[in-house]
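Numbering starts at 1 and runs along the sequence shown.
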Amino acid sequence: LFYGWASNRAALVTDPGSVWSNANNLVLGDRGGGNSIEVTNYGRLVVAQDLIVGRDPTTSTGNVLRIGSNGTVVVGGTLDVRGGTTELLPGGTLTVGELALTNATGGFDFSGGTLDAGGILVSNGQPFVVGDGTNLAVLNLTGGPNVFSDGLVVNSNASVTGTGTVSGLVTLNGGTISPAGSGAAGTLGFSDLTLTGG
């Protein structure tokens, strides 16, 4: 569906009981662009290994993985966003073994929802922003390391929870840091933390 030079293809996983289960790697845009997968309304996408958004960052741009309200995406390996964007919208849930954003043509729009990550590597020339300042957004770290070369910004109504270490400048702009979540003991370590906005 999305392999080779395929462009402008779309898949929608929606409604309760709808599951797309992938036993191996899944590539959303191999060399082509403008492809999309949207998961919403209790639909589920489960990828046992890696999910790559835009394999070739020079030709496979504009690909979008969109996780809408009550949609769930689970990636057992790495979600590698190279040539396109992952959009985590309010009410959506994304669980990954690792998140990698290492190309300037790869982005992550985290306006709301929950991201559970075993490790994160962001070096795409952009700060990683949690929340749009209005909707509830939770970044739950379940290990690490977590490296944000261009910074991590946590806005109002957003939180960083879990356990692990965070490298890079972290700006808490009205958001919350809660090691291991509510009621549980845990440790979050930061190399550079700035508190602003109350």
Side-chain angles (χ1 to χ4, degrees), residues 1-126 128-132 135-142 158:
L1 180 61
F2 304 110
Y3 209 69
W5 289 100
S7 298
N8 302 311
R9 307 280 175 88
L12 175 63
V13 184
T14 187
D15 298 329
S18 299
V19 179
W20 176 351
S21 182
N22 214 79
N24 296 302
N25 295 329
L26 177 61
V27 177
L28 173 55
D30 181 33
R31 287 168 294 193
N35 301 293
S36 67
I37 297 175
E38 182 173 357
V39 184
T40 188
N41 193 31
Y42 301 100
R44 290 176 54 87
L45 170 62
V46 180
V47 180
Q49 296 182 18
D50 298 339
L51 172 53
I52 301 169
V53 179
R55 185 193 300 267
D56 184 342
T58 59
T59 61
S60 58
T61 59
N63 298 291
V64 178
L65 171 64
R66 183 175 296 112
I67 305 150
S69 179
N70 296 313
T72 301
V73 173
V74 178
V75 180
T78 300
L79 172 57
D80 189 353
V81 186
R82 301 178 188 176
T85 304
T86 293
E87 297 176 357
L88 183 54
L89 305 176
T93 302
L94 172 61
T95 302
V96 298
E98 182 180 43
L99 173 63
L101 294 154
T102 57
N103 293 280
T105 56
F108 198 102
D109 179 1
F110 192 172
S111 62
T114 301
L115 170 59
D116 297 307
I120 298 176
L121 174 59
V122 180
S123 59
N124 61 346
Q126 306 168 38
F128 190 84
V129 180
V130 181
D132 60 7
N135 294 294
L136 181 66
V138 178
L139 172 59
N140 184 45
L141 304 176
T142 59

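Trp5 places a side-chain heavy atom less than 4.5 Å from the side chain of Thr59. Using a 4.5 Å heavy-atom threshold, the side chains of Ile37 and Leu26 count as touching. Side chains of Leu12 and Thr40 form a contact here, defined as non-hydrogen atoms less than 4.5 Å apart. With contacts defined as side-chain heavy-atom distances shorter than 4.5 Å, the pair Val53/Leu79 qualifies.
Of all the heavy atoms in Ala23 and Ala48, the pair that sits closest is O-CB, 3.2 Å. Summarising the geometry of Thr78 relative to Asp50, their closest heavy-atom pair is N-OD1, 2.8 Å, with the distance given to 0.1 Å. Closest approach of Thr72 and Ile67 over heavy atoms only: N-CG2, 4.4 Å. Nearest heavy-atom pair across Val73 and Val39 is CG2-CG2, 3.8 Å. Between Val75 and Gln49 the shortest heavy-atom distance is CG1-O, 3.3 Å. Residues Leu28 and Val64 come closest through the heavy atom pair CD2-O, 3.4 Å.
Atom CG of residue Leu51 and atom CG of residue Leu94 lie 9.0 Å apart, to the nearest 0.5 angstrom. Leu89 contributes atom CG, which lies 9.0 Å from atom CG of Asn135 (distance to the nearest 0.5 angstrom). The distance from the CZ atom of Arg9 to the CG atom of Asn63 is 12.0 Å, given to the nearest 0.5 Å. Rounding to the nearest 0.5 angstrom, the gap separating the OG atom in Ser36 from the CG atom in Leu65 is 9.5 Å. Separating the CZ atom in Arg82 from the OG1 atom in Thr105 is a distance of 10.0 Å, to the nearest 0.5 Å. Remark: Thr86 OG1 to Arg66 CZ distance equals 10.5 Å, nearest 0.5 Å.
Judged as a side chain to side chain donor-acceptor pair (under 3.5 Å), and not counting sequence neighbours, the contacts of Arg55 are Asp30. Contacts of Arg44 classified as side chain to side chain donor-acceptor pair (under 3.5 Å), with partners at least two apart in sequence or in another chain: none. For Ser69, there are no side chain to side chain donor-acceptor pair (under 3.5 Å) partners two or more places apart in sequence or in a different chain. In this view, Asn103 satisfies the side chain to side chain donor-acceptor pair (under 3.5 Å) rule with no residue, not counting sequence neighbours.
Counted by atom type alone, Asn70 and Asn41 present zero donor-acceptor pairs between their side chains at under 3.5 Å.
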Name each donor-acceptor pair under 3.5 Å that joins a side chain in residues 109-126 to protein atoms two or more places apart or in another chain, with its distance.
unit_1 : atom_1 : unit_2 : atom_2 : d
Asp116 : OD1    : Asn140 : ND2    : 2.9
Asn124 : OD1    : Gln126 : N      : 3.3
Asn124 : ND2    : Gly106 : O      : 2.8

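Pairs engaging residues 67-79 under the salt bridge (Lys or Arg N to Asp or Glu O under 4.0 Å) rule: none recorded [sequence neighbours left out].
In terms of modelled atom types and a separation under 3.5 Å, the side chain of Asp15 and the main chain of Ser18 share no donor-acceptor contact.
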